[in-house]
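What you see is a predicted model, and the numbers here were worked out from it, not measured in a lab. Count residues from 1 along the sequence.
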Amino acid sequence: MNIGERIKKIREAKGLSQKEVALSLAMNPSQYSKIENGKVDPQCSSIEKIANALGVSLADIFTEENSLEDINSIDKSIIEKVQLIEQLDDKQKESIFNIIDMAVYNLKLKQRGCAVNCVT
C-alpha cells in the first residue's frame with residue numbers, strides 16, 4: 001500500500017471527506033485528491049500536515065499494519081470545530097479558551113458538590 005492509499009484509508013476511517021481535509025490544510029481539493037490517488041508524491045512536510053489534519057501520528061501514516069478501528073476516537077464535529085478555532089486570531093482564541101475553562105471549572109464544582117452531598 002502506498003502513502004496515498006494509507007492516507008485515504010485513515011481519512012475514510014475518520015469519516016472525513018477529501019474536501020474537509022483539503023480545506024483544513026488550505027490545499028486545493030484536487031491537489032489533495034492527487035496525493036490520495038498516488039498521482040503526486042507528497043513532500044514530507046505535506047505528509048506531516050496531513051497527519052495532523054487527520055489527528056494521527058506520522059507513524060500511523062507509514063505503518064501499514066496499524067489497526068484503523070480506533071482511529072476515529074474523536075467525534076468528527078469536534079475535530080471540525082477545533083480546526084475552525086485554529087483559524088481565529090489570538091484574542092478570539094483566548095475568549096473561547098476562557099469559556100471552555102469556565103465550563104470545565106463549573107463542571108468540577110458540580111461534581112465535587114455532588115460527591116459531598118451524595119456521601120452525607
Does some side-chain heavy atom of R6 sit less than 4.5 Å from a side-chain heavy atom of N2?
-> no

Just wondering, do K14 and V56 contact through their side chains at under 4.5 Å, heavy atoms?
-> yes

Taking only residues two or more places apart in sequence, or in another chain, which ones meet [X] in a side chain to side chain donor-acceptor pair (under 3.5 Å)?
{"X": "N37", "answer": "S33"}
{"X": "S30", "answer": "N28"}
{"X": "S57", "answer": "D60"}

Connected via hydrophobic side-chain network under 4.5 Å: L23 and M27 = no

How long is the span from the NZ atom in K8 to the CD1 atom in I3, to the nearest 0.5 Å?
-> 15.5 Å

Here the pair of heavy atoms bringing R11 nearest to Y32 is CD-OH, 3.8 Å

Please tabulate, for side-chain N and O atoms in residues 39-54, each donor-acceptor pair with protein atoms closer than 3.5 Å (sequence neighbours left out).
unit_1	atom_1	unit_2	atom_2	d
N52	ND2	E48	O	3.4

State whether the side chain of E12 and the backbone N or O of K9 hold a donor-acceptor pair below 3.5 Å, judged by distance alone.
-> no

Tracing side-chain contacts under 4.5 Å among Ile, Leu, Val, Met, Phe, Trp and Tyr outward from V104 reaches I85, L88, I96, F97, I100

Inter- and intrachain pairs under salt bridge (charged side-chain N to carboxylate O under 4.0 Å, His left out), touching residues 88-108, at least two apart | none

